[in-house]
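Values below: every heavy atom of this structure, side chains too, minus hydrogens, waters and symmetry copies.
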Amino acid sequence: MADAPLKGLRVVELARILAGPWIGQTLADLGAEVIKVESPAGDDTRTWGPPFIERPLPDGGTETVAAYFHAANRGKTSVTCDFGDPADLVRLKELIATADVVIENFKLGGLEKFGLHYEALAPSNPRLVYASITGFGQTGPRAAQPGYDFLLQGMCGIMDLTGDPNGEPQKIGVAWIDIFTGLYGVIGIQAALAERERSGKGQHVDLSLLDSGVGVLANQAANFLLGDVVPRRLGNAHPNIVPYQVFPASDGHLIIACGNDRQFRSLCGVLDLPDIAAAPEYAANSDRVANRDSLSVALSDATSRRTRADLIAALKEAAVPAGPINTVPEALSDPQTVARGMVIEPEGIAGVRTPIVFSRSDLNTARAAPILGSGGWSFDDEER
């Protein structure tokens with residue numbers, strides 16, 4: 001395999017918690033040199049446990065760090081910097097002068113008093129790509145307000161679409177907007193780097209948690225904007241496709257996802273429901289959407305009489321998409337997950353790799369998350 005695609009790219013990460021570090025970890029997996037600049041106390045997520053991971057230190061002691069930190073900081077070098085120390089600030093600015101990318105997620109204007117905002121750094125490094133992550137972006141009436149994933153899940157509309165229609169709105173089980181913002185950040189940085197190859201100039205990439213949450217509403221936003229349909233919570237059902245939901249089995253639940261009429265008819269064949277397959281009220285997907293309640297009752301009655309394993313096997317044979325609802329351990333140990341090498345153990349600390357496979361290039365996943373301050377301030381610039 002060839003080197004990772006971003007080998008030779010230097011990234012300085014002035015970020016903590018998740019969205020910014022997720023950008024840094026993804027770029028590190030893709031081969032970039034990522035230098036994480038932490039306060040002397042370290043990234044907050046180093047303490048967000050249990051569980052905790054203990055590692056030996058060169059001086060014979062141990063470092064105890066939460067698993068959460070390891071989830072978003074693989075492959076980086078750590079240095080500590082006290083922004084209130086003029087000598088530390090000088091060294092940090094010298095480091096940034098050698099960087100291709102800076103990632104920061106301070107509140108709006110939070111870095112200006114230290115001279116670490118884009119406008120202050122760009123004159124000495126005009127090729128710098130500088131990515132800022134805030135709750136609401138650099139402009140607009142909410143720009144100065146703090147924003148957190150949970151808060152933004154509520155504000156962007158996704159919680160109103162998630163959960164039982166007769167229950168309270170639900171957040172997603174991971175920091176969904178932080179992760180999406182991190183991925184959009186990677187996209188924005190790589191696009192700015194590509195444009196830099198043409199113009200020779202860097203630029204400021206402005207990322208907002210709210211923008212990201214609204215930006216991935218996809219068909220639900222289009223249903224409203226183009227069809228004047230106000231989306232509502234449907235539990236595990238789909239607003240535009242039927243049947244596409246969770247169904248009961250005699251020993252649990254499974255997902256059945258029919259994306260076209262052929263799959264629906266095949267499902268009816270597996271469930272021995274010829275009258276349902278032939279009924280005009282279920283002939284096309286739009287008919288099934290209009291009559292979802294009665295169809296769901298008929299299908300659920302049939303699936304509840306068979307075991308989950310039997311149904312999944314029969315539906316696989318009939319080329320109807322169906323599958324289990326795995327626990328996290330089951331998902332991580334699924335034969336397909338294992339075959340794809342999704343679980344990795346850099347330096348003996350397990351994690352989940354960036355889910356990209358290249359035909360020629362490799363990922364750079366050999367290093368675990370860094371020990372606080374282990375990078376020092378000596379960086380070899382000979383290869384740049």
Side-chain angles (χ1 to χ4, degrees), residues 153 157-174 176 216-220 222-223 227 229-338 340 342:
Q153 284 199 39
I158 194 65
M159 284 181 63
D160 192 51
L161 302 178
T162 305
D164 189 300
N166 298 314
E168 67 178 15
Q170 292 289 315
K171 72 178 182 67
I172 294 169
V174 295
W176 175 78
V216 294
L217 290 176
N219 58 298
Q220 295 282 30
N223 290 343
V229 175
V230 178
R232 60 189 178 90
R233 287 196 300 285
L234 295 172
N236 289 310
H238 194 288
N240 300 107
I241 311 172
V242 175
Y244 198 100
Q245 64 196 77
V246 171
F247 285 97
S250 63
D251 58 349
H253 293 83
L254 74 157
I255 294 170
I256 300 175
C258 292
N260 56 53
D261 296 339
R262 195 280 305 163
Q263 291 173 350
F264 171 67
R265 291 191 294 271
S266 296
L267 169 64
C268 292
V270 169
L271 298 178
D272 193 23
L273 296 173
D275 292 345
I276 296 294
E281 62 266 34
Y282 307 132
N285 180 69
S286 57
D287 301 315
R288 297 191 291 275
V289 170
N291 296 286
R292 70 165 69 239
D293 292 342
S294 60
L295 179 58
S296 178
V297 169
L299 296 177
S300 295
D301 181 65
T303 62
S304 66
R305 301 172 189 172
R306 298 170 66 169
T307 67
R308 186 176 76 162
D310 172 50
L311 279 169
I312 290 173
L315 292 169
K316 178 181 178 182
E317 182 68 23
V320 176
I325 301 170
N326 286 332
T327 64
V328 170
E330 287 170 339
L332 294 175
S333 62
D334 185 281
Q336 185 67 20
T337 304
V338 173
R340 296 285 290 178
M342 282 302 300

message: Taking Asp160 first and then Arg233, would you say they form a salt bridge - that is, a charged N and a carboxylate O separated by under 4.0 Å?
response: yes

query: Is the backbone of Arg308 close enough, under 3.5 Å, to the side chain of Asp251 for a donor and an acceptor to pair up by distance?
result: yes

query: What pairs meet the side chain to side chain donor-acceptor pair (under 3.5 Å) rule with one or both residues in residues 327-337, with sequence neighbours excluded?
result: Thr327-Glu330

field: Flag, side chain of Asp301 to backbone of Ala298, donor-acceptor distance under 3.5 Å
entry: no

- prompt: What are the two closest non-hydrogen atoms of Ser300 and Thr303, and how far apart are they?
  reply: O-OG1, 3.2 Å

query: Is any side-chain heavy atom of Arg232 less than 4.5 Å from a side-chain heavy atom of Leu234?
result: yes

- request: Return yes if some donor-acceptor pair links the side-chain N/O of Gln153 with the main-chain N/O of Ile172 below 3.5 Å, else return no.
  value: yes

- prompt: Mind checking whether Pro280 and Asp287 have side chains closer than 4.5 Å, heavy atoms only?
  reply: no

field: Leu311 side chain near Ile256 side chain, heavy-atom distance below 4.5 Å
entry: no

Carboxylate-amine/guanidinium contact Arg305 Asp310, below 4.0 Å: no

Please tabulate, for side-chain N and O atoms in residues 264-277, each donor-acceptor pair with protein atoms closer than 3.5 Å (sequence neighbours left out).
unit_1 : atom_1 : unit_2 : atom_2 : d
Ser266 : OG     : Arg262 : O      : 3.1
Ser266 : OG     : Arg262 : NH1    : 3.1

task: Using atom types as modelled and distance alone, determine if a side-chain donor or acceptor of Arg306 lies under 3.5 Å from a backbone N or O of Ser250.
output: no

Whether Asn236 side chain and Val246 backbone form a donor-acceptor pair below 3.5 Å: no

statement: Taking every heavy atom of Val289 against every heavy atom of Ile241, the minimum-distance pair comes out as CG2-N, 4.2 Å

message: For a 4.5 angstrom cut-off between non-hydrogen side-chain atoms, does His238 reach Asn219?
response: yes

